[in-house]
Number of protein chains: 2
Amino acid sequence: MSQTVDRALSILPLLAEGPANLEQVAGRLGVHKSTALRLLRTLHEHGIVHRQPDQRYRLGTRLFALAQQAVENLDVREIAHPHLVELNAQTGHTVHLAVHEENEVLYIDKVESRYPVRMYSRIGKPVAITVAAVAKLLLADLPEQERRAVAQRLDYPRYTARSITDPATFLAELAKVREQGWATDLGGHEESINCVGAPVRGPDGRAVAAMSVSAPNVVVSADELLTLLPLVRRTADAISDEYSGRTPSPDNTERQR
Amino acid sequence: MSQTVDRALSILPLLAEGPANLEQVAGRLGVHKSTALRLLRTLHEHGIVHRQPDQRYRLGTRLFALAQQAVENLDVREIAHPHLVELNAQTGHTVHLAVHEENEVLYIDKVESRYPVRMYSRIGKPVAITVAAVAKLLLADLPEQERRAVAQRLDYPRYTARSITDPATFLAELAKVREQGWATDLGGHEESINCVGAPVRGPDGRAVAAMSVSAPNVVVSADELLTLLPLVRRTADAISDEYSGRTPSPDNTERQR
DNA sequence: AAGGTCGTTGCAGTGAATGCAACAAGCATT
DNA sequence: AATGCTTGTTGCATTCACTGCAACGACCTT
């Protein structure tokens, strides 16, 4: 739309390949040296490109700073909420969103069946970190070494007969979750409640949050709940895409796994 | 230099603060809506900005990808990382790596005490350039004339009672740092936090990066932290050697201390 | 239905970007 | 040392692309 800006931006991927000098940039842009110079100068003033001692240009660290600031100011909850509502509408079940922070996993949003109003019942409260599906998802994303450290220092309350109660089992569960990309809690926290969840990932692929759908046995069996897995994963992926600034292509009917 | 590009690039830091709609962008840019629209469109086509379902704009994946490449091209980071991890393991404290670029000093890596989870907390953010140990190290390495120029144009926020708040004191401090080859920040940024750092030098002897170890008063006193100085310097030197392609002679055991 | 907000589009005027050519600086070759 | 080559920089005339305006349309609220 804007020729000048278009040209300037075209320089970036070019420099991403590696440092380049003025003529190389001008050549690949198909413009006169002087034009390229002025574009590069402008980019330089904004710290987007950096001039090396050998006068060649490369991408600047300002880009990194910008990206960093952007993710920090991103509110997962804000982005996720509409998706959670939709999932709730589709399934009728309770939907949770959780993040990992300072050795705790806590709910930051919840859409409850029938109650459109946000009741902060469990929101903000730490989850049962050793059994909850969302907790497994978030911890499973940590590097191995750290996962081990965390598993060691946790307490393992026996909420129910199905609770995980030792580090080894927990680590094995995390490995499985990491492998398959989704998690469940089948009566591990409360005997009659099952959950199935999936991770929300940021631009760098790391899990920034996790979501889950929960329902009591009396409403749907665990097996029935599991049939919702594809839908849950699709929702989580949609949130990931939006959070990462990816454009959900209009015709992306189904994503391949 | 180029008005159009200048305006377009000015949108980026604006969006880094958070999503914004067309009018907000136009307003803060001081241009007509239609102008802002066309700039945003161009940025959008390049994937630099992303349009949310609510039509607001925010930074897009492409920017994240570029930022990623920008830091990956900084091979200091890659070389330094294992050393930082080791230093962290030895001391238990937070370790930072920073570079100087375009009038800013910013963290490009960090290894946090015990909780690498928060990995990217301060990474990408400009450091408090008038007080941070790494900033002193990098600025101290500049030629005198340039140091003076920088010192003059800086702001000197009084973060704490111990902050450096005027150019003369700052220049004196830089001279001292230059002389001794290491730097500290004793409560100059945050009252209870002390740092000690050393420079990473390239083959030509110029500082290409700086690293520091930080710890709160409550954990170790400033004096205790200073006892780590030899270790910090040795680590920085090891990184320098590797970066400069000097053989970190296999038998010059770092451990014989 | 009316009124308001906000994004989008066509258009005319002009100011800003472009390419040219000459210049400067650094380096290699002779 | 002189010459020629390469590469970055600057002043300038031309023109084209960018700008702001105003009108339109989509959507939401009352």
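Keep in mind it's a predicted model, so treat the numbers as computed, not measured. Below, chains carry the letters A, B, ... as their sequence lines are ordered, and counting in each starts from 1.
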Colleague: Figure out the CE/P separation between A/Met1 and C/dG7, and round it to whole Å.
Modeller: 17 Å

Colleague: Below 4.5 Å, heavy atoms only, C-beta onward: do A/Ile48 and A/Leu66 meet side chain to side chain?
Modeller: yes

Colleague: Rounding to a whole Å, what distance do you find between A/Asp6:CG and C/dA17:C1'?
Modeller: 14 Å

Colleague: Tell me: CG of B/Leu43 to P of D/dC18, nearest whole Å?
Modeller: 13 Å

Colleague: Surrounding CD of A/Gln90 (heavy atoms of other residues, nucleotides or ligands, distance under 6.0 Å), is the total greater than 12?
Modeller: yes

Colleague: Answer yes or no: is there a donor N or O on one side and an acceptor on the other, between the side chain of B/Ser244 and the main chain of B/Asp241, under 3.5 Å?
Modeller: no

Colleague: Please determine, for the side chain of B/Leu39, which listed nucleotide (C/dT9, C/dG19, D/dT19) has the closest atom?
Modeller: D/dT19

Colleague: By nearest atom, which of the nucleotides C/dA17, C/dC11, D/dG8 is closest to the A/Lys33 side chain?
Modeller: D/dG8

Colleague: Check whether any side-chain N or O of B/Asp109 sits under 3.5 Å from a backbone N or O of B/Ile123 as a donor-acceptor pair, and report yes or no.
Modeller: no

Colleague: Do A/Asn73 and B/Arg58 have side-chain N/O donor and acceptor atoms under 3.5 Å apart?
Modeller: no

Colleague: Tell me which nucleotide among C/dG10, C/dC20, D/dC18 gets nearest to the side chain of A/His32.
Modeller: C/dC20

Colleague: Ignoring backbone atoms, test whether A/Arg7 places a side-chain nitrogen or oxygen under 4.0 Å from the OP1 or OP2 oxygen of C/dT18.
Modeller: yes

Colleague: State the NE2-CZ distance between B/His44 and B/Arg51, to the nearest 0.5 angstrom.
Modeller: 7.5 Å

Colleague: Go through residues 11-26 of chain A and report each residue with a non-hydrogen atom lying under 4.0 Å from DNA chain D, sorted by number.
Modeller: A/Asn21, A/Leu22, A/Glu23

Colleague: Distance criterion of 3.5 Å, no angle test: do you see the side chain of A/Arg41 paired donor-to-acceptor with the base of D/dG8?
Modeller: no

Colleague: Quick check on contacts: within residues 49-59 of chain A, what sits under 4.0 Å from DNA chain D by heavy-atom distance?
Modeller: A/Arg51, A/Gln55

Colleague: Can you find a donor-acceptor pair, distance only, under 3.5 Å between A/Ser34 side chain and C/dC20 base?
Modeller: yes

Colleague: Please state how far atom CG in B/Leu37 lies from atom C1' in D/dG20, giving the value in whole angstrom units.
Modeller: 13 Å

Colleague: B/Gly181 and B/Pro199: which non-hydrogen atoms are nearest, and at how many Å?
Modeller: O-CD, 3.3 Å

Colleague: Quick one: A/Leu29 CG to C/dG19 C1', roughly how many Å, whole number?
Modeller: 14 Å

Colleague: For the residue pair B/His83 and B/Glu242, establish whether any side-chain heavy-atom pair is separated by less than 4.5 Å.
Modeller: yes

Colleague: Just how far, in rounded Å, is P of D/dT19 from CD of A/Gln3?
Modeller: 12 Å

Colleague: Give a yes/no answer on whether the side chain of A/Ser2 brings an N or O atom under 4.0 Å of OP1 or OP2 in D/dC18.
Modeller: yes

Colleague: Out of C/dG19, C/dC11, C/dT8, which nucleotide sits closest to the side chain of B/Arg38?
Modeller: C/dC11

Colleague: If you measure only the distance, is there a donor-acceptor pair under 3.5 Å linking the side chains of A/His46 and B/Asp6?
Modeller: yes

Colleague: Looking at A/Thr35, I'd like to know whether one of its side-chain N or O atoms comes within less than 4.0 Å of OP1 or OP2 on C/dG19.
Modeller: yes

Colleague: Under 3.5 Å, is there a donor-acceptor pair linking the side chains of A/Thr91 and A/His93?
Modeller: no

